[in-house]
Amino acid sequence: MSELQAWLDQPSVTIVAIGALVGIAASLLGTFLVLRRESMLSDAISHSVLLGIVVAYLLTGTLDTPLHVIGAALAGLATVWLTDLLARSRRVKNDAAIGLVFPALFALAVLLINLYARDVHLDTDAVLLGEIAFAWLDVVNLGQLEVARSLLTMLVIALVNLAFVVFLYKELKLSTFDPQLAMAFGLRPVAIGYALLGLVSVSAVGAFDAVGAILFVAFVIVPPTAAYLLTDRLWWMLTIGCMIAIGASFAGYAFARAFDVSIGGAMASATGGFLLLALTFGKHGLIARGWRQRAPAAPPLPDFGAVSTGPAGGGGVSGHGVGGGAGQAVSGVPRAQVEAPSAASR
Amino acid sequence: MALLGDFTVRTVALGAALVGVVAGVLGTFALLREQSLLGDALSHAALPGVCIGFLLGGARQLEPILAGALASGALAALLVMLLTRATRVKTDAALGVALSLFFAVGTVLLTYVQRHEGAAQAGLDAFLFGQAAALVPRDLSVIGAVAAVVLTVVLLGWKELKVTTFDADFARSLGRPVVAIEFALTVLIAVAVVIGLQLVGVILMVALVIAPAAAARQWVTRLEGMVVLAALFGAASGVAGALASAAVRGLATGPVIVLAASGLVVIALLFAPQRGLLWHAARAQTQRRALRAHRVLVDLYRLGEAHRDPGYPSEQGMIDAYFGSSTAHVLRRLERRGLVARVAHMPEEGDHWVLTEGGRDQARELLAPFGARERRGPEEPRP
């Protein structure tokens, strides 16, 4: 026990662990958001949870209640609901609806801070950029262990997200790839969608203290996108996303220590390094694409024209050309298994 | 209005109006091309450029900062294009990647500047949420010059922009350089975002691009009108934000501008003549009422036919049971229009209703287009 305590007492261990847990919690959910083409909703949610936190603060006067998690989660769901409502009124398109709702809620939150909460530790900079560097100072006692509060929070959130993905794997998978079929099976894809976005909101609140709102978005979108370039299997995409998130928090911490810059920012930037690697060398990356385009055609299609007009290799020269061309065209179209459904997924 | 006399406030209001005009005009094209969130990505992506421009240009020189912001915005746009065109990554993920990665790098640079470049960096924070008070007349001339260039380009390329926006395939068939026009439009949106950074900040600038255009779209249907109206809305929100933040100490300009623009959107969504949701609801309510009245009228008429008695009195409870809900208010409205009359058929039962002469005429008129009733025997059961 004391060995574990000695280990936890090192700030670097706590910081990297928090970063990794934020990354795991985010990319587990982000995988489904990316596949459902709802990535930008995570951006919207992570901005507007600020309103929930501010309102909960103004109502209770403290920042340390479960109420602010609930308030933030409600604000996140309200964003999703308002966006959906606006898009379904068909007065604006879906993307414009996202871009109209969250700036308004975020602006309202910033103004409320400006007006009523100026003297509190509710700094807009801290909210946006996070301050993971001091996370290890705020500890809670857990039996004989002293654990950083953020570490504990993120551990719980990551476990909840993991449980959500593991226990509802089938439901999530089907409602992501074929919402109509999921509906027909009675798997409630709409409820699953809201549960997913509700968890995104809760995770965003948990990540607030650690890496800030916008860097959370990097952990939601970038690792799954990198994984999407590497694999066609859903469970593998989830695993790779988590591994990238863990790697990024190690690399980011090292970089931030070396240059004395924002740790959260460096971790988020590090996910970009992994994306560049996947983009260059991945199964669906640029080199593979160039290789596929240059690769010799698959065995040419049977040359029916030549067979019907005369002996093979005789008058069928132009026929061979057509056959070769067709073969090339077929091999040039990669068939992907991890393909998102049509836009009507929500 | 006394505020407008103040020189600083006038500078800020003018700057905000110019930014609003440019954002409104270009936002129109972004909205119509369903690229609203590109503005979001471009504005977040400006942060690293702002920092690099600051590092290169030294003290708070606006030009290098704007140039840096534009360069990093263009890089982000290229990253989005690369991801969506060359790989299977979808647009939303590509935008999210560009937005969050550039902002993350920007955060790193921002902290680097703050910790390594002494105290003069204080102004850099203003680019997150905008700080109109920091605007000086020299900045205003930069913004004005950029705005003039942008508006001139839009005017000169009006026909090309219009045809590319509404029908890119048609534009291609006319031999227009569609890809170049699309790229130019993206750069122009990046420019609009960049000149607004000082006032609105990188995080909320997207709203000033989308909201005026979305509001204008509700009021008008022609592109020309939409561009002009969006420019007006943008200018109005800008001025409102500048004045409000000058009047109330400690209010950041950006959020006020965004809330003003969002307010215009809400008003437009509710009250715009053709597309307004309130008018829509009112129309739907009127139609529902008319439909119910017509159904009651026609059913009373058919009951009369079935009983071979045009003055057949129908009991209210029976009509209610047939419709499955209370029809008392429908019948009362018909009574006021003189189409039905209340009769006391049997005192121990409830109200009974008969069609008046006018009611029968109207029911016949309603049934005329269907023409089925005359051919079908009155004894035939209702389907």
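Because the structure is a prediction, the values reported are computed rather than measured.
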Peer 1: Measure distances from Leu83(B) to the heavy atoms of chain A and classify the residue's part below 4.5 Å as side chain, backbone, both or neither.
Peer 2: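 Answer is side chain: those atoms of Leu83(B) sit under 4.5 Å from chain A.
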
Peer 1: Tell me whether Arg283(B) at atom CZ has more than 12 heavy atoms from other residues, nucleotides or ligands lying less than 6.0 Å away.
Peer 2: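 It does: Arg283(B) CZ has more than 12 such atoms within range.
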
Peer 1: So which of Val258(B), Leu101(B), Leu277(B) has the biggest tally of heavy-atom pairs under 4.5 Å with chain A?
Peer 2: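 Option with the greatest count: Leu101(B).
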
Peer 1: Of all the heavy-atom pairs spanning Ala104(B) and Gly265(A), show the shortest one and how long it is.
Peer 2: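 Closest approach of Ala104(B) to Gly265(A): CB-O, 3.7 Å.
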
Peer 1: Any side-chain heavy atom of Leu234(A) sitting closer than 4.5 Å to one from Thr31(A)?
Peer 2: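 Heavy-atom side-chain distance check passes, below 4.5 Å.
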
Peer 1: Chain A heavy atoms under 4.5 Å from Val265(B): which part of the residue, side chain, backbone, both or neither?
Peer 2: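 The answer is the side chain of Val265(B).
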
Peer 1: Using the six-membered ring wherever Trp is involved, compare the ring planes of His47(A) and Phe102(A) and label them parallel, tilted or perpendicular (cut-offs 30° and 60°).
Peer 2: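 Taking Phe102(A) first and then His47(A), their aromatic rings sit tilted (interplane angle of 30° to 60°).
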
Peer 1: With a 4.5 Å heavy-atom cut-off, do Met267(A) and Phe255(A) have their side chains touching?
Peer 2: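 A side-chain contact under 4.5 Å is absent here.
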
Peer 1: Chain A heavy atoms under 4.5 Å from Leu95(B): which part of the residue, side chain, backbone, both or neither?
Peer 2: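 Both backbone and side chain.
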
Peer 1: I need the Arg217(B) CZ to Thr28(B) OG1 distance, nearest 0.5 Å.
Peer 2: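 With rounding to 0.5 Å, CZ (Arg217(B)) is 11.0 Å from OG1 (Thr28(B)).
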
Peer 1: Looking at CD of Gln274(B) and NE2 of His280(B), how far apart are the two atoms once the value is rounded to the nearest 0.5 Å?
Peer 2: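 Separation between the atoms: 12.0 Å.
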
Peer 1: For Leu109(B), which atoms come within 4.5 Å of any heavy atom of chain A: side chain, backbone, both, or neither?
Peer 2: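 Contact with chain A is absent: no heavy atom of Leu109(B) under 4.5 Å.
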
Peer 1: Count the heavy-atom pairs under 4.5 Å between each of Leu229(A), Thr271(A), Val92(A), Val220(A) and chain B, then report the option with the highest count.
Peer 2: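 Top count of heavy-atom pairs under 4.5 Å with chain B: Leu229(A).
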
Peer 1: Given that the side chain runs from C-beta out, which part of Leu286(A) has a heavy atom under 4.5 Å from chain B: side chain, backbone, both or neither?
Peer 2: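 Contact with chain B is through the side chain of Leu286(A) alone.
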
Peer 1: Does a salt bridge link Asp92(B) with Arg36(A), judged by any charged N lying under 4.0 Å from a carboxylate O?
Peer 2: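 No, no charged N to carboxylate O under 4.0 Å.
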
Peer 1: For Ser262(B), which atoms come within 4.5 Å of any heavy atom of chain A: side chain, backbone, both, or neither?
Peer 2: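 Only the side chain of Ser262(B) comes within 4.5 Å of chain A.
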
Peer 1: Between Leu31(B) and chain A, which part of the residue has a heavy atom less than 4.5 Å away: side chain, backbone, both or neither?
Peer 2: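 Just the side chain, heavy atoms under 4.5 Å.
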
Peer 1: So which of Leu111(A), Val222(A), Val217(A), Val101(A) has the biggest tally of heavy-atom pairs under 4.5 Å with chain B?
Peer 2: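 Of Leu111(A), Val222(A), Val217(A), Val101(A), Leu111(A) has the most heavy-atom pairs under 4.5 Å with chain B.
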
Peer 1: Given heavy-atom pairs under 4.5 angstrom as the criterion, report whether the side chain, backbone, both or neither of Asp43(A) touches chain B.
Peer 2: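 The side chain, not the backbone.
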
Peer 1: Count the heavy-atom pairs under 4.5 Å between each of Ser89(A), Ala96(A), Ala109(A) and chain B, then report the option with the highest count.
Peer 2: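 Of Ser89(A), Ala96(A), Ala109(A), Ala96(A) has the most heavy-atom pairs under 4.5 Å with chain B.
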
Peer 1: Is there a side-chain contact between Arg33(B) and Phe166(B) in this structure, where contact means two heavy atoms from C-beta onward sitting under 4.5 Å apart?
Peer 2: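 Contact flag for Arg33(B)/Phe166(B) side chains = no.
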
Peer 1: Select one option (side chain, backbone, both, neither) describing which atoms of Arg91(A) are under 4.5 Å from chain B's heavy atoms.
Peer 2: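 For Arg91(A), the contact with chain B is made by backbone and side chain together.
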
Peer 1: So what's closer than 4.5 Å to chain A heavy atoms on Gln218(B): side chain, backbone, both or neither?
Peer 2: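 The answer is the side chain of Gln218(B).
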
